[in-house]
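Letters A, B, ... are given to chains in the order of the sequence lines, protein chains preceding strands, and every chain is numbered from 1. The basis for the numbers below is simple: all heavy atoms, side chains too, and nothing from hydrogens, waters or symmetry mates.
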Amino acid sequence: MIKKELLLIIDKAVKKVMMNHGEAETRMPRYNVEVPPGNIKADYATNAAMILASRLKESTLKIAGELATELSLEKKYFEAVKFMKPGFINIYINKSVFYNELENIIREGHKYGGGNIGSKRKVMIEFVSANPTGPSHVGHGRGAALGDCLANIMKNLGFDVTREYYVNDVGNQINLLADSLVCAGEGKPAPEGGYGGDYLKEVYNEGRGFIEENSGDREAIKKYAVEKIIEKYIKKDMGDFGLVFDNWFYESSLFKEKDGKNKIDAAVDRLKKKGYVYEKGGALWFKSTEFKDDKDRVITRKDKTGTYLASDIAYHYDKFKRGFETVINIWGADHHGYIDRVKGSVKALGYDPDRLKILLYQLVNLTIGGKPVIMSKRKANYVTLRQVIDEVGSDACRFFYLMRNANSPLDFDLELAKKQSQENPVYYVQYAHARVCSIFREAKKMGVDFNPGCDAGLLKEPEELIIIKKLITYPDLLVHCCNTLEPHHLTGYLQDLAGVFHRYYTKHRVIVNDKNLTGSRLMLVKALQVVVRNGLKMMGISAPEKM
RNA sequence: GGGCCCAUAGCUCAAUGGAUAGAGUACAGGAUUCCGGAUCCUGGAAUGAGGGUUCGAUUCCCUUUGGGCCCUCCA
């Protein structure tokens with residue numbers, strides 16, 4: 001972890017310069033260390049001088065000079081330290097540092113890029129959570145890809161992660177589901193606002209005996225329908241997408257009485273006690289206006305039933321009571337108006353609302369050949385996640401979802417996705433991995449065994465150093481994805497990494513006459529293989545040995 | 001009417017407040033006696049408009065234009 005060590009060294013230098021200027025070092029300036037743009041040859045650059053100069057009200061170049069002088073003292077680490085026009089300090093690292101890091105990648109193998117910034121803290125990521133009324137559609141796929149990737153990354157960084165699916169098995173839509181199911185079985189059209197997909201006929205047929213036996217018992221039919229849809233469709237869709245949830249939390253469990261009280265009552269009581277609930281027009285209201293909401297919200301209706309918000313308040317209360325330090329919800333952007341309410345309720349319950357993080361993703365617009373498909377469950381013409389997985393494959397599908405920043409809308413064109421199954425960037429990345437595997441197969445054929453103890457110092461080609469430098473930024477990249485909740489950076493990184501490798505491959509041969517050089521180059525591609533494989537694993541995408 | 005998000009190359013997207021704004025795709029041309037041509041090389045083309053903050057703005061703030069979504073005692 002070169003960057004970490006760099007920060008320590010620069011911190012020391014910054015303190016020294018501050019001291020020389022009579023500034024207390026208690027308030028350290030927030031500066032950056034980064035890999036500079038391509039036109040700058042240095043390995044790393046920092047803007048510390050520019051930040052510090054404005055603090056000290058000194059000329060930027062003067063401070064840059066002083067800092068550079070301090071840093072130059074670190075001879076065993078730095079080859080050179082220079083400062084340039086606007087005030088950047090460019091740092092040239094000793095090559096041996098890179099070679100050591102390369103050996104480290106091979107040593108750590110599948111653990112490389114992992115870390116312990118999470119220190120086993122419990123985090124829940126709740127995602128997908130689509131109503132259990134039918135198969136998953138393409139929009140759910142985006143949430144699934146995002147949540148799963150984020151969960152992988154956080155787990156890899158030492159968080160104790162739980163993936164949870166919240167099943168809304170209570171409320172009107174489930175009544176409608178049960179009624180629609182009966183209609184489907186009897187060959188009648190679905191009721192107003194109900195569900196009319198063909199899948200309901202299958203659901204009916206598979207439970208015909210049970211449904212007809214319990215024809216008057218709506219509760220029994222509801223329960224059957226929800227369970228069947230989850231098992232037959234949702235769990236299967238997620239499974240084929242390579243996603244397994246740790247926990248399926250049923251909304252109905254919030255209504256289960258225990259000692260004469262259920263979890264909803266408990267949450268409402270707590271809000272009452274804290275003074276955030278009042279009665280008006282026969283209903284109970286939550287004072288959400290105290291938390292930036294435009295109006296207060298009903299939590300218990302006139303007829304004494306709880307609203308969806310009441311369930312959600314109880315659900316989040318339960319999440320925190322289960323001991324999760326951080327709770328991440330991944331929601332479609334159509335729920336954004338709901339954020340203040342839920343965060344407000346968390347605060348009202350007595351928890352720090354910042355412990356609830358909400359990642360919104362913009363909606364997925366599905367098109368076929370450029371023509372928009374109107375997604376409506378009722379009309380049953382919506383495109384399912386299954387269709388997309390079947391047509392383009394889970395790997396390409398995940399990459400496609402993860403390539404975009406969550407807060408920009410995603411146009412998912414089925415035809416394009418299919419066409420891209422040959423041109424999709426995921427194959428570019430996977431191909432790099434397959435190529436490396438092929439090199440090792442070839443080496444083995446020639447009787448050359450991989451030896452991690454070769455001299456990495458023989459890797460002197462510029463393309464080789466470019467690859468090494470790219471490889472060692474991987475751990476920082478994962479941390480960045482984790483902190484920003486933006487897994488899409490990973491796709492760009494892997495494309496870049498595959499690119500530098502493909503260019504290297506075209507220009508140089510790994511297996512050459514020189515035995516020592518071959519050994520060193522095998523180390524290089526081994527390290528590349530490790531990082532590509534680890535990165536793809538974070539996204540839930542396979543790293544094939546042959547394609 | 002109020003709120004959230006988006007606007008970057010012909011198209012789809014990148015860019016922790018940094019240096020000459022990057023990829024892919026499309027289009028045009030080119031590369032292999034040799035580890036996989038699903039690869040590589042060459043070419044042109046972009047920050048919607050107007051202010052402000054800053055040493056420095058695609059990024060932050062305000063105004064404006066265009067687009068998506070949300071404003072139920074639905075879930």
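When distances are taken from the side chain of A:E34 to each of B:A14, B:G36, B:G18, the shortest belongs to B:G18. Of the candidate nucleotides B:G68, B:A14, B:U39, B:G68 has the atom nearest to the side chain of A:Q362. Closest approach to the A:Y427 side chain among B:A19, B:C74, B:A38 is made by B:A38 (side chain taken as heavy atoms from C-beta onward). Here B:A15 is the nucleotide among B:A15, B:C73, B:C40 with the atom lying nearest to any side-chain atom of A:H489. Among B:C35, B:A19, B:G18, the nucleotide with an atom closest to any side-chain atom of A:M50 is B:G18. Out of B:C35, B:A75, B:A19, the shortest distance to the side chain of A:Y338 is found at B:A75. Of all nucleotides listed (B:C35, B:U20, B:A15), B:A15 comes nearest to the side chain of A:N405. Residue A:E251 has its side chain nearest to B:A75 when only B:C73, B:A75, B:C35 are considered. For A:K295, the side-chain atoms get nearest to B:U72 when compared with the rest of B:U72, B:U39, B:C74.
Going from atom CG of A:L360 over to atom P of B:C4 covers 12 Å, rounded to whole Å. Rounded to an integer number of Å, the gap from A:D294 CG to B:G2 P is 12 Å. The nearest whole Å value for the distance from the CG atom in A:D411 to the P atom in B:C5 is 20 Å. Distance, A:Y31 OH to B:G18 P: 17 Å, rounded to whole Å. In this structure, A:H488 atom NE2 and B:A23 atom P are separated by 17 Å, rounded to whole Å. Rounding to whole angstrom units, OH of residue A:Y401 and C1' of B:U12 are separated by 16 Å. The separation between A:Y493 atom OH and B:U16 atom P is 16 Å, rounded to whole Å. Computed from coordinates, the A:R503 CZ to B:U42 C1' distance equals 14 Å when rounded to whole Å.
Residue pairs meeting the salt bridge (charged side-chain N to carboxylate O under 4.0 Å, His left out) criterion with at least one member in residues 487-505 of chain A, sequence neighbours excluded, are A:K470-A:D496. Applying the salt bridge (charged side-chain N to carboxylate O under 4.0 Å, His left out) test to residues at least two apart or on different chains, none of the pairs has a partner in residues 300-313 of chain A.
Within 4.0 Å (heavy atoms only), A:V512 reaches no atom of the nucleic acid at all. Contact annotation for A:P425: no contact, since no heavy-atom pair falls under 4.0 Å across all strands. As judged by a 4.0 angstrom heavy-atom cut-off over every strand, A:N424 is placed among residues making no nucleic acid contact. Within 4.0 Å of A:R509, counting heavy atoms only, lies at least one base atom of the nucleic acid. Heavy atoms of A:H335 sit under 4.0 angstrom from at least one base atom. Using a 4.0 Å heavy-atom criterion, one finds that A:H508 contacts the bases of the nucleic acid, with or without backbone contacts as well. Within 4.0 Å (heavy atoms only), A:G87 reaches no atom of the nucleic acid at all. Residue contacts shown for A:A434 include a base, since a base heavy atom lies under 4.0 Å away.
If you look at A:F450 and A:F440, their ring centroids are closer than 6.0 Å. Taking the six-membered ring for Trp and the full ring otherwise, A:Y315 and A:Y166 have centroids separated by under 6.0 Å. Here the two rings, on A:F127 and A:Y165, have centers that are 6.0 Å apart or farther.
Not one side-chain nitrogen or oxygen of A:R30 sits closer than 4.0 Å to the OP1 or OP2 atom of B:U16. Note on A:H336: every side-chain N or O is 4.0 Å or more away from OP1 and OP2 of B:G68. The phosphate of B:A14 has OP1 or OP2 within less than 4.0 Å of a side-chain N or O from A:S408. Applying the 4.0 Å criterion to OP1 and OP2 of B:C6, one finds that A:N407 has a side-chain N or O inside that range. The shortest distance between the side-chain N/O atoms of A:Y361 and the OP1/OP2 oxygens of B:C6 is not below 4.0 Å. Between A:H502 and B:G36, a side-chain N or O to OP1/OP2 separation shorter than 4.0 Å is absent. For A:R404, no side-chain nitrogen or oxygen approaches OP1 or OP2 of B:A14 to under 4.0 Å. In terms of phosphate contacts, A:R297 brings no side-chain nitrogen or oxygen within less than 4.0 Å of OP1 or OP2 of B:C71.
The aromatic rings of A:H480 and A:H489 sit tilted, their planes meeting at an angle between 30° and 60°. By the 30° and 60° cut-offs, the orientation of the rings of A:H335 relative to A:Y338 is perpendicular. Ring orientation note: the planes of A:F291 and A:Y276 are tilted relative to one another, at an angle of 30° to 60°.
A heavy-atom distance below 4.5 Å is not found between the side chains of A:D169 and A:I230. The closest side-chain heavy-atom distance from A:H508 to A:E464 is not below 4.5 Å.
Nucleotides B:G29 and B:G44 are separated by 13 Å at their C1' atoms, to the nearest Å. Spacing of P atoms, B:U25 relative to B:G66, comes out at 35 Å, to the nearest Å. When the C1' atom is used for both B:A26 and B:C13, the distance is 15 Å, rounded to whole Å. Comparing B:A28 with B:G48, their C1' atoms sit 30 Å apart, to the nearest whole Å. B:G1 and B:A19 have their C1' atoms separated by 46 Å, with the value rounded to a whole Å. Annotation: B:C61 and B:C5 have their P atoms spaced 9 Å apart (nearest Å). B:U8 and B:G68 are spaced 15 Å apart, taking the P atom of each and rounding to whole Å. Comparing B:C11 with B:C70, their C1' atoms sit 29 Å apart, to the nearest whole Å.
The partner of B:G1 is B:C71, judged by Watson-Crick or G-U wobble contacts that both fall below 3.5 Å. Across all strands shown, B:A7 forms a Watson-Crick or G-U wobble pair with B:U65, both key distances being under 3.5 Å. Figure legend. B:U47 is base-paired to no nucleotide; pairs are counted as Watson-Crick or G-U wobble with both atom distances under 3.5 Å. Across all strands shown, B:A28 forms a Watson-Crick or G-U wobble pair with B:U42, both key distances being under 3.5 Å.
Side-chain contact annotation: A:Y44 with A:N90, donor-acceptor N/O pair under 3.5 Å absent.
Ranked by how close their nearest RNA chain B nucleotide is to the 5' end, A:V510 and A:A406 are led by A:A406.
You can call A:F88 stacked on the base of B:A19; the centres are under 5.5 Å apart and the planes sit within 30°.
Within a 6.0 Å sphere centred on NZ of A:K469, other residues, nucleotides and ligands contribute more than 12 heavy atoms.
Scanning atom types as modelled, one donor and one acceptor separated by under 3.5 angstrom connect the side chain of A:N47 and the base of B:G18. Remark: the A:D334 side chain and the B:A75 base include no donor-acceptor N/O pair separated by less than 3.5 Å.
For the segment residues 435-451 of chain A, residues with any heavy atom less than 4.0 angstrom from an atom of RNA chain B are, sorted by number, A:R435, A:S438, A:I439, A:R441, A:E442.
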